[in-house]
Number of protein chains: 2
Amino acid sequence: MTNISSDVIRGYNDTMILYLLRQGPSYGYEISKKIKELSGEKYIIKETTLYSAFTRMESKELITSYSGESESGKKRTYYRITDQGETYYRERVDEWNLTKDVIEKFIAV
Amino acid sequence: MTNISSDVIRGYNDTMILYLLRQGPSYGYEISKKIKELSGEKYIIKETTLYSAFTRMESKELITSYSGESESGKKRTYYRITDQGETYYRERVDEWNLTKDVIEKFIAV
DNA sequence: TAAAATACCACGTCTGTCGTAGTATGTCAA
DNA sequence: TTGACATACTACGACAGACGTGGTATTTTA
């Protein structure tokens, strides 16, 4: 079976995370499950990739974090998208449409 | 204007080069001009990226090289796709179709 | 009561891309 | 004839994102 390589999805992890955060604040474990689910099990983000994406995006001020708790009292770090993150997301969507068209020129029928 | 970032096209440079080599042997400068042309000037591959892709693909035996000359007598290195390169190309096409579907799930309408 | 799920983090490595810079030849216009 | 521009590469080092490995700690479930 063909798998999605990291070089190919690279540059879209941030976009996927932002897409999910646009629906409301969330945290690592939940995001990772949602990516798996939404992609129809076709893409499973690595934990380290996910958490380093959070760090990177927070330093770029695309997201902010705050501490929360699960129902059972476990600590969690929640992330929320910022206005800059919204803008960034929309730019990535535009870029995706452009990139898609370019790549398809090199995909033989 | 939105531009195509290297993180996004990353992983497709090899595929684009192989697509062009499937049409017959070619060399660096020509490949780079064809990529620019076929992409409608939307993507211009960097010289260093191109030549390092050649080296990488040759070591992976996806392409082979041989020396030739231009009409005016200048030396050129030509590249030809191998059977392994053909197979690799088709795998990347499959992967692209998969990846495209996944990413589009995270692109808001 | 042990395994699995939840929830995260540190550290170091790898790979592809790219910036900078350099070599060398051919062509064409002022 | 000279200088700019196109052609055709190559070397070297830096950088960023992804990921492998391994670790901590709590809760839930079989």
Side-chain angles (χ1 to χ4, degrees), chain A residues 3-18 20 25-37 43-60 62-63 65-79 88 92 95 99 103, chain B residues 3-18 25-37 43-60 62-63 65-79 88 92 95 99 102-103:
Chain A
N3 278 305
I4 297 177
S5 71
S6 44
D7 274 331
V8 159
I9 211 86
R10 191 190 176 104
Y12 280 103
N13 282 319
D14 290 5
T15 306
M16 290 191 265
I17 295 164
L18 291 175
L20 295 170
S26 187
Y27 57 96
Y29 200 76
E30 193 181 45
I31 293 275
S32 105
K33 280 193 299 177
K34 281 189 177 173
I35 287 175
K36 186 180 164 193
E37 206 184 295
Y43 181 55
I44 293 163
I45 193 168
K46 301 289 179 300
E47 278 185 63
T48 36
T49 302
L50 178 61
Y51 290 107
S52 77
F54 281 143
T55 310
R56 179 174 59 250
M57 289 200 286
E58 192 167 16
S59 79
K60 289 206 252 167
L62 305 175
I63 57 174
S65 66
Y66 60 94
S67 293
E69 279 188 3
S70 71
E71 307 70 44
S72 52
K74 279 191 80 176
K75 269 189 187 171
R76 265 183 202 153
T77 306
Y78 282 90
Y79 294 93
Y88 181 85
R92 291 291 76 68
E95 189 184 0
T99 307
I103 294 179
Chain B
N3 277 303
I4 297 178
S5 71
S6 44
D7 275 331
V8 159
I9 212 85
R10 192 188 175 105
Y12 279 101
N13 282 319
D14 290 6
T15 307
M16 289 191 266
I17 295 165
L18 291 175
S26 188
Y27 56 95
Y29 200 75
E30 194 181 45
I31 294 276
S32 105
K33 280 194 297 178
K34 282 191 178 174
I35 286 176
K36 184 179 163 191
E37 206 183 294
Y43 181 56
I44 294 161
I45 194 168
K46 302 288 178 302
E47 277 185 65
T48 36
T49 302
L50 179 61
Y51 291 106
S52 80
F54 281 143
T55 310
R56 180 173 58 248
M57 289 199 289
E58 192 167 18
S59 79
K60 289 205 254 169
L62 305 176
I63 58 175
S65 66
Y66 61 93
S67 293
E69 277 188 4
S70 70
E71 307 70 43
S72 52
K74 280 191 77 176
K75 270 189 185 168
R76 264 184 204 154
T77 307
Y78 282 89
Y79 294 93
Y88 181 86
R92 290 290 76 66
E95 188 186 1
T99 307
V102 168
I103 294 180

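In what follows, every chain begins at residue 1, and chains take the letters A, B, ... in the order their sequences are listed. As the structure is a computational prediction, the values presented were derived from the model and not from experiment.
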| message | Tell me whether the rings of B:Y27 and B:Y78 are parallel (<30°), tilted (30 to 60°) or perpendicular (>60°). | response |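 The rings of B:Y27 and B:Y78 stand perpendicular, inter-plane angle above 60°.
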| Does a side-chain N-to-carboxylate-O contact under 4.0 Å join A:E95 and A:R92? |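 Counted as a salt bridge, because a side-chain N and a carboxylate O are separated by less than 4.0 Å.
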Using a 4.0 Å heavy-atom cut-off, does [X] contact any base of the nucleic acid, only the sugar-phosphate backbone, or nothing at all?
{"X": "A:R10", "answer": "base"}
{"X": "A:K46", "answer": "sugar-phosphate"}
{"X": "B:S6", "answer": "sugar-phosphate"}
{"X": "B:S52", "answer": "base"}

Is there, by distance only and without an angle test, a donor paired with an acceptor across the side chain of [X] and the base of [N] below 3.5 Å?
{"X": "A:E47", "N": "C:dC8", "value": "yes"}
{"X": "A:K74", "N": "D:dT27", "value": "no"}
{"X": "B:R56", "N": "C:dT15", "value": "no"}

| task | On DNA chain C, check which nucleotide each of A:K33 and A:D7 is closest to and give me the residue with the more 5' one. | result |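 Closer to the 5' end of DNA chain C: A:K33.
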| field | Upstream residue (5' side of DNA chain C) when A:T77 and B:D14 are each assigned their closest nucleotide | value |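 That would be A:T77.
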[atom1] of [X] versus [atom2] of [N]: gap in Å, rounded?
{"X": "B:I45", "N": "D:dA8", "atom1": "CD1", "atom2": "C1'", "answer": "15 Å"}
{"X": "B:K60", "N": "C:dT15", "atom1": "NZ", "atom2": "P", "answer": "10 Å"}
{"X": "B:L50", "N": "C:dC18", "atom1": "CG", "atom2": "P", "answer": "11 Å"}
{"X": "B:Y51", "N": "D:dC12", "atom1": "OH", "atom2": "P", "answer": "18 Å"}
{"X": "B:R76", "N": "D:dA6", "atom1": "CZ", "atom2": "C1'", "answer": "12 Å"}

| said: Both A:T49 and B:Y78 contact DNA chain D. Taking the nearest nucleotide for each, which residue is further toward the 5' end? | reply: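 Closer to the 5' end of DNA chain D: B:Y78.
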| field | Side chain of B:T48 (C-beta onward), nearest among D:dA11, C:dA7, C:dA10 | value |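 From the listed options, D:dA11 comes nearest.
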| query | Considering all heavy atoms of both residues, which atom of B:I17 and which atom of B:A53 are nearest to each other, and what is their separation? | reply |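 The pair with the smallest heavy-atom distance is CD1-CB, 3.7 Å.
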